[in-house]
Amino acid sequence: MNDASLPALAALGSLALVAIWFDVRQRRLPNWLVLATLFIGLGTTSVVEGLTQLPWHLAHAGLALLVGVALYALRLVGAGDAKYYAAIAGWFALADGFKLLMAVS
């Protein structure tokens, strides 16, 4: 972990706390929060890991969204859960996808 990753971790934690608040209080995750989580994640990981890693983060987010939509269509997860997981996936490279899935399972 380098010095630049500490603010990124703090940002991710803060966004997760806001998401928890909305989920508990309103049982919904607003689209602005999902988009903010995705774009802040892509931006911070571009700074921390470099722009060459951005396509892997985008691929992870896209794949997570596709799987989430399929799970939503099967009524296994909620729409907000599917979208927010995809936004969080943008913080992690595709190679780390299995680790993230295991961490949230």
Side-chain angles (χ1 to χ4, degrees):
M1 180 180 295
N2 60 32
D3 291 340
S5 61
L6 291 176
L9 185 60
L12 178 57
S14 298
L15 290 164
L17 288 174
V18 172
I20 290 167
W21 186 87
F22 272 103
D23 199 23
V24 169
R25 300 284 297 185
Q26 299 181 6
R27 301 294 299 157
R28 61 184 285 282
L29 295 171
N31 288 335
W32 66 263
L33 178 60
V34 172
L35 290 173
T37 301
L38 175 64
F39 290 128
I40 292 170
L42 294 174
T44 56
T45 55
S46 294
V47 170
V48 172
E49 297 179 22
L51 286 174
T52 60
Q53 295 301 310
L54 184 60
W56 296 112
H57 291 263
L58 286 169
H60 188 198
L63 182 62
L65 184 60
L66 287 174
V67 172
V69 168
L71 292 173
Y72 172 71
L74 295 171
R75 299 184 188 268
L76 296 174
V77 299
D81 299 320
K83 293 183 300 184
Y84 197 71
Y85 183 85
I88 294 293
W91 287 74
F92 301 89
L94 185 58
D96 296 327
F98 187 73
K99 292 177 191 174
L100 177 63
L101 182 61
M102 290 298 105
V104 300
S105 291

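Scored by the salt bridge (charged side-chain N to carboxylate O under 4.0 Å, His left out) test, Asp81 finds no partners at all (sequence neighbours excluded). Residues satisfying the side chain to side chain donor-acceptor pair (under 3.5 Å) test with His57, not counting sequence neighbours, are Glu49.
Using a 4.5 Å cut-off between side-chain heavy atoms of Ile, Leu, Val, Met, Phe, Trp and Tyr, Val34 falls into a hydrophobic cluster with Leu12, Leu15, Val18, Trp21, Phe22, Leu29, Trp32, Leu33, Ile40, Tyr84, Tyr85, Ile88, Trp91, Phe92, Phe98, Leu100, Leu101, Met102, Val104.
The two residues Gly90 and Leu42 come nearest to each other via the heavy atoms O-CD2, 3.5 Å. Looking at every heavy atom in both residues, Leu65 comes nearest to Ala82 through CD1-O, 4.5 Å. In plain terms, the two heavy atoms of Ala86 and Ala61 that are nearest each other are O-CB, 3.5 Å.
Rounding to the nearest 0.5 Å gives a distance of 5.0 Å between CG of Leu51 and OG of Ser46.
Tracing side-chain contacts under 4.5 Å through hydrophobic residues (I, L, V, M, F, W, Y), one reaches Val67 starting from Leu74; they form part of the same cluster.
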Are Thr45 and Gln53 close enough, and set up right, to give a side chain to side chain contact (heavy atoms under 4.5 Å, CB included), and what steps lead you there? CA-CA 8 Å; Thr45 55; Gln53 295 301 310; over 6 Å; no
